[in-house]
Number of protein chains: 2
Amino acid sequence: MSEAIKDLLKKNHMSVTDSRLQILDMFYHAPGALAHADIEKKASDKIDRVTIYRTLQTFEEKGIIHTIPTADNSVKYALCKDRCEEGHHHDNHVHFVCDKCGKTICLDDVHVPEVKLPKGFQPQQSNMVVNGFCSDCRS
Amino acid sequence: MSEAIKDLLKKNHMSVTDSRLQILDMFYHAPGALAHADIEKKASDKIDRVTIYRTLQTFEEKGIIHTIPTADNSVKYALCKDRCEEGHHHDNHVHFVCDKCGKTICLDDVHVPEVKLPKGFQPQQSNMVVNGFCSDCRS
DNA sequence: ACATATTTGCAATTATGTTGCAAATTTTAT
DNA sequence: ATAAAATTTGCAACATAATTGCAAATATGT
C-alpha cells in the first residue's frame with residue numbers, strides 16, 4: 001500500500017523520507033483538498049512547519065499536487081490526477097468548495113469552459129471555483 | 001466630484017470619514033483591482049493599516065467592493081459595478097490577471113458560464129479568473 | 001452646540017511564510 | 001555492509017499579513 005507512494009516519490013526523483021510519505025498519505029486519504037494548516041494539525045508536532053512548506057512546494061514543482069485558488073483566498077492543495085509533468089500542470093478542472101462543510105473538491109471530469117474575452121486580451125490559463133453545497137451537505 | 005462618493009457612503013448608511021473618502025476615491029481612479037498593500041502605499045502613513053483592513057471589510061459587507069480570488073491567492077478588491085446589496089454580491093463576471101503588468105481587471109461584460117456539475121452538487125456561486133496578457137501588454 | 005454613536009490609531013497578539021545553517025537522514029558508490 | 005556525498009530536516013530568527021481590545025478622536029442626530 002505505501003509501496004505505491006514510495007514508488008511515486010522514486011519515479012519523481014525524490015528521496016523517500018518519513019515526512020513525505022506521511023504527507024502524501026494524507027492526500028491519498030483526504031476527502032478533499034488540504035491546506036498547510038490541515039497537514040500541520042494532522043501531523044501534530046511530528047513534522048516541522050517549515051518542512052511542510054518545503055514539501056508542499058516540492059510536490060507542486062514535481063507535478064504531484066496542485067494549488068487551488070479558492071474564493072476566500074486561502075491556499076489549498078490536492079493531488080494531480082491528470083498527468084502532470086515536472087514544472088507543468090494540466091489541472092484544468094473545476095473546483096468545488098462546500099459552503100457548509102468547507103471541503104474543497106476537485107471535479108476532475110468537469111473542465112473549465114472557454115470564454116470569449118474582449119479585444120486584445122490574450123488568455124493563458126483559466127481557473128474556476130464553484131461554491132455551494134456538496135453531495136453530502138445539501139439538505 | 002467627491003460629492004458622488006459622499007452620497008454613496010450615505011446611501012449605504014455609513015459615516016462619511018476621510019479614510020473612507022480617500023480609499024473609495026482610489027478605487028474610482030484605479031486602473032484595476034487594489035490590494036491592501038496598494039492602498040497602504042498610496043495613502044502613505046496617512047491611514048493606519050488597521051483602518052484600511054476595517055474599511056475594506058465594511059465596504060465589502062455593504063456591497064460596494066468585492067474580493068477577487070486570484071490564482072496566486074493574493075487578496076484583491078474592486079468596485080462592484082453591478083447592483084450589489086448589503087451582504088449579497090452579484091459580481092458574476094470574469095476577472096483577468098495580467099501575467100506581465102500584474103493588473104487585475106474586472107471584465108464586467110464577460111459573465112461566468114454555467115457548468116454541469118456531478119450529481120448531488122448544488123452550485124451557489126461561481127468564480128472565474130483568467131490569466132494571460134492584457135491589451136496593453138501583449139507583444 | 002451637545003450628547004450619542006461610530007470610527008480611528010495604537011499596542012499587543014496571532015497567523016502565515018521565508019531564509020540560513022548545522023544535524024540527521026537518505027542515497028550512491030565501493 | 002559501510003563510508004562518502006547529497007539531500008532533507010528542524011531550529012532559530014526574521015519578515016509579512018491580519019486580528020483584537022481599548023482609549024482618543026471624529027461624525028451624526030437633535
Side-chain angles (χ1 to χ4, degrees), chain A residues 2-3 5-26 33-62 64-65 67-77 86 102 104, chain B residues 2-3 5-26 33-62 64-65 67-77 86 102 104:
Chain A
S2 88
E3 273 310 309
I5 295 181
K6 278 190 195 174
D7 285 349
L8 182 59
L9 289 175
K10 282 180 190 162
K11 209 173 296 173
N12 284 281
H13 314 104
M14 306 172 71
S15 305
V16 176
T17 68
D18 271 1
S19 326
R20 285 175 181 168
L21 289 173
Q22 242 183 281
I23 293 177
L24 254 188
D25 197 74
M26 283 183 204
L34 295 175
H36 177 277
D38 298 326
I39 296 169
E40 204 178 333
K41 266 176 224 145
K42 286 202 192 192
S44 60
D45 290 348
K46 288 178 193 163
I47 310 179
D48 191 83
R49 281 170 42 73
V50 179
T51 302
I52 297 174
Y53 279 116
R54 289 196 271 226
T55 304
L56 290 173
Q57 194 184 296
T58 309
F59 283 177
E60 212 219 319
E61 283 165 8
K62 294 289 184 177
I64 294 174
I65 60 176
T67 63
I68 302 172
T70 54
D72 68 335
N73 288 287
S74 68
V75 195
K76 300 217 170 175
Y77 301 86
E86 180 150 358
T104 301
Chain B
S2 88
E3 272 311 309
I5 295 182
K6 277 189 195 173
D7 285 349
L8 182 59
L9 289 175
K10 282 179 189 160
K11 208 173 297 173
N12 284 281
H13 313 104
M14 306 171 70
S15 305
V16 176
T17 69
D18 271 2
S19 327
R20 284 174 182 169
L21 289 174
Q22 242 182 283
I23 294 176
L24 253 189
D25 197 74
M26 284 184 205
L34 295 175
H36 177 277
D38 298 326
I39 296 169
E40 202 179 334
K41 264 173 228 148
K42 287 203 190 191
S44 60
D45 289 350
K46 290 178 192 162
I47 310 178
D48 192 83
R49 281 171 49 71
V50 178
T51 303
I52 298 175
Y53 279 117
R54 289 194 272 226
T55 304
L56 290 173
Q57 193 184 295
T58 310
F59 283 177
E60 213 220 317
E61 283 164 8
K62 294 288 184 178
I64 294 173
I65 59 175
T67 63
I68 302 172
T70 53
D72 69 335
N73 288 287
S74 68
V75 195
K76 301 217 168 174
Y77 301 85
E86 181 151 357
T104 301

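Note on naming: letters A, B, ... go to the chains in the order of the sequence lines (proteins, then strands), and numbering restarts at 1 for each one.
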Measure the distance from [atom1] on [X] to [atom2] on [N] and round it to the nearest whole Å.
| X | N | atom1 | atom2 | answer |
| --- | --- | --- | --- | --- |
| B/M14 | D/dG29 | CE | C1' | 18 Å |
| B/I47 | D/dT26 | CD1 | P | 14 Å |
| A/D18 | C/dT25 | CG | P | 9 Å |
| B/L56 | C/dT7 | CG | P | 15 Å |
| B/L21 | C/dT8 | CG | P | 10 Å |
| A/Y53 | D/dG10 | OH | C1' | 15 Å |
| A/L9 | C/dT25 | CG | P | 18 Å |
| A/I52 | D/dT9 | CD1 | P | 11 Å |

Quick one: label B/K46 by what it contacts on the DNA or RNA (base, sugar-phosphate, nothing), any heavy atom closer than 4.0 Å.
sugar-phosphate
When all nucleic acid strands are considered with a 4.0 Å heavy-atom cut-off, which category describes B/R49: base, sugar-phosphate, or nothing?
base
State which of [options] makes the closest approach to the side chain of [X].
| X | options | result |
| --- | --- | --- |
| B/V75 | D/dA27, D/dA18, D/dG10 | D/dA18 |
| B/S15 | D/dA27, D/dG10, D/dT8 | D/dA27 |
| B/R20 | C/dT7, D/dA18, C/dG9 | C/dT7 |

Phosphate contact (C/dT8 OP1 or OP2) by B/T17 side-chain N/O below 4.0 Å
yes
For [X] and [Y], work out which heavy atoms get closest and say how close.
| X | Y | result |
| --- | --- | --- |
| A/L21 | A/L9 | CD2-CD1, 3.9 Å |
| B/T70 | A/P69 | O-CB, 3.6 Å |
| A/K76 | A/A33 | CB-CB, 4.0 Å |

B/D7, CG: over 12 other non-hydrogen atoms inside 6.0 angstrom:
yes
Nearest-nucleotide 5' precedence on DNA chain D, B/V50 against A/T58:
A/T58
Check: B/R54 side chain, C/dG9 base, donor-acceptor under 3.5 Å
yes
Check for a donor-acceptor pair, side chain of A/T51 on one end and backbone N or O of A/I47 on the other, with a separation under 3.5 Å.
no
